[in-house]
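Keep in mind the model is a prediction, meaning the values are calculated, not measured. Remember, it's 1-based here, ligands and their atoms both numbered in the order they're listed. In what follows, every heavy atom counts, from backbone to side chain, and hydrogens, waters and symmetry copies are set aside.
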Amino acid sequence: MDNSFNSIIEREQNSIYQTYKRLPIVIEKAEGCRIFSKNGEVYLDFLSGIAVNALGHSHPKIIEAIEEQIRKYMHVSNYFYQEPQIELAEILIKHSKLDKVFFSNSGTEANEAAIKLVRKWGNTINKTEIIAFSGGFHGRTYGALSIMDKPPYKDGMGPFLDNCKVIPLNDIYSLMENINSKTAAVVLEFIQGEGGVSQPTEEFIETIKELKSVHNFLLVADEIQTGIGRTGKMFGFEHFDIKPDIISMAKGMGGGLPLGGIIVSEELSKLWKQGNHGTTYGGNAVACRTGYVVIEALENGLLQQVQEIGDYLHNELVKIKNDFNSKVIEVRGRGLMKGLLLNFEAAILVKQLLERNVISNAASGNVLRIIPPLIVQKHEIDEFVSKTRDSLNNL
Ligand SMILES: Cc1ncc(COP(=O)(O)O)c(C=O)c1O
């Protein structure tokens, strides 16, 4: 078989549905914060599988957990009691202060579960509307798409769910105008990932909290990108004085294996009866074991490290902004979920960085999204910063 770069590209184009714009890299292996290409290049990975590889690539504890579990069993279905699911659920409950977990395989399925549960709750009390925010990203299934306003993801694929409204983020007037007694839920990312690392303001969250106490709706925190330590806290909502009723999770939770889920309040945990919702693979034992390893690492110092390294990165990014103030407008984000708002297309900087063997990502057009593995070290931040400076100098 011809394994040259060009042949692999050609075979991919001939065999895979062309829905992705891929980087020009054929992966050989990955370790820590590095990706090794088949043609011998070594890249610094500041994308981490789109905010997935919390412990980096091939972490020995993740490999050990996988090996240990696959020797016992991999998949048995949700007909059985599985200790890896229970252990992960217990540790998630401890951190979220909510009450019950439903496991899925991905983020969009987690949000699908959240939307179904919101409907189940709202239908009996005449609360039918779901409110979400402009720039939000919640996944690719119909429920998730129905609470998004991103045309390329929806073009020509309607009709979508009824009674879903997308209103501007951080527009308090719009909140007050649109939230009423019919509101069943507000779905919010505490930092919008795809939406350009945009954050809701304190005032905006306070208003949601006040309106919630008046109109009694559910708050769904989409923590699929912000959750599991990414922002320097276990969940993004912890940066604010508010408590969600449903948290949806995925990405970092599986430590590299596909895993998602929702954590819900005691009240909501009583609504679904057996058979109301389910999945064949959701809560796969191997993925739950790796998920447990990630949260254990966060508890054992990694969360603190994310805060410290995140602050260090933040300061370095602010210096970049000051030194390149004609090109960099703003530093955004928390912990290891950062963004640089540029006054040009971020894809141009992504390309420059790639030429310097750094993998990064453009979000929402003009934001460079910076989401390294949570185990990233200071010297790797320094390498990223110096190559970003070099790239900006070159533009
Ligand atoms: C905030 C948020 N919600 C939901 C999703 C969808 O997750 P998945 O791609 O696992 O379905 C994503 C993925 O990028 C996300 O960032």
> Starting from atom 11 (O) of ligand 1, locate the nearest protein heavy atom and write down its residue, its atom name and how far away it is, to 0.1 Å.
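Ranked first by proximity to atom 11 (O) of ligand 1 is Thr108 N, 2.8 Å.
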> Looking at Glu316 and Lys319, is any side-chain nitrogen of the basic one under 4.0 Å from a carboxylate oxygen of the acidic one?
yes
> To the nearest 0.1 Å, how far is atom 2 (C) of ligand 1 from its closest protein heavy atom, and which atom is that?
Phe137 O, 3.2 Å
> Which label fits Phe137 and Tyr153: parallel for a plane angle under 30°, tilted from 30 to 60°, or perpendicular past 60°?
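If you compare the ring of Phe137 with that of Tyr153, the planes turn out perpendicular.
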> With nothing but distance in play, are any N or O atoms of Gly107 less than 3.5 Å from an N or O of ligand 1?
yes
> Check whether any N or O atom of Ile50, backbone or side chain, sits under 3.5 Å from an N or O atom of ligand 1, and answer yes or no.
no
> Any N/O of Glu109 closer than 3.5 Å to an N/O of ligand 1?
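No; the residue has no nitrogen or oxygen that sits under 3.5 Å from a nitrogen or oxygen of the ligand.
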> Which of the atoms in ligand 1, numbered in the order shown and given with their element, are less than 4.0 Å from a heavy-atom of Asn111?
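Matching atoms, with element in brackets: 3 (N), 4 (C).
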> For ligand 1, is there an atom lying under 4.0 Å from some heavy atom of Lys251?
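Right, Lys251 reaches ligand 1.
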> How about Gln85 and Asn78: does a side-chain donor come under 3.5 Å of a side-chain acceptor?
yes
> I'd like to know if Glu189 and Arg230 make a salt bridge, using a cut-off of under 4.0 Å between side-chain N and carboxylate O.
no
> Distance to 0.1 Å, residue and atom name: give those for the protein heavy atom nearest to atom 3 (N) of ligand 1.
Asp222 OD2, 2.8 Å
> Considering distance alone, does some N or O of Glu189 sit under 3.5 Å from an N or O of ligand 1?
no
> May I ask you to check whether Phe102 and His277 place their ring centres under 6.0 Å from each other?
yes
> Looking at Lys116 and Glu112, does any basic side-chain N land under 4.0 Å from a carboxylate oxygen?
no
> May I ask you to check whether Asn6 and Ser4 show a side-chain donor-acceptor distance below 3.5 Å?
no
> Taking only heavy atoms of Gln225, which atoms of ligand 1 are found under 4.0 Å from at least one of them?
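Ligand 1 atoms under the 4.0 Å threshold to Gln225: 16 (O).
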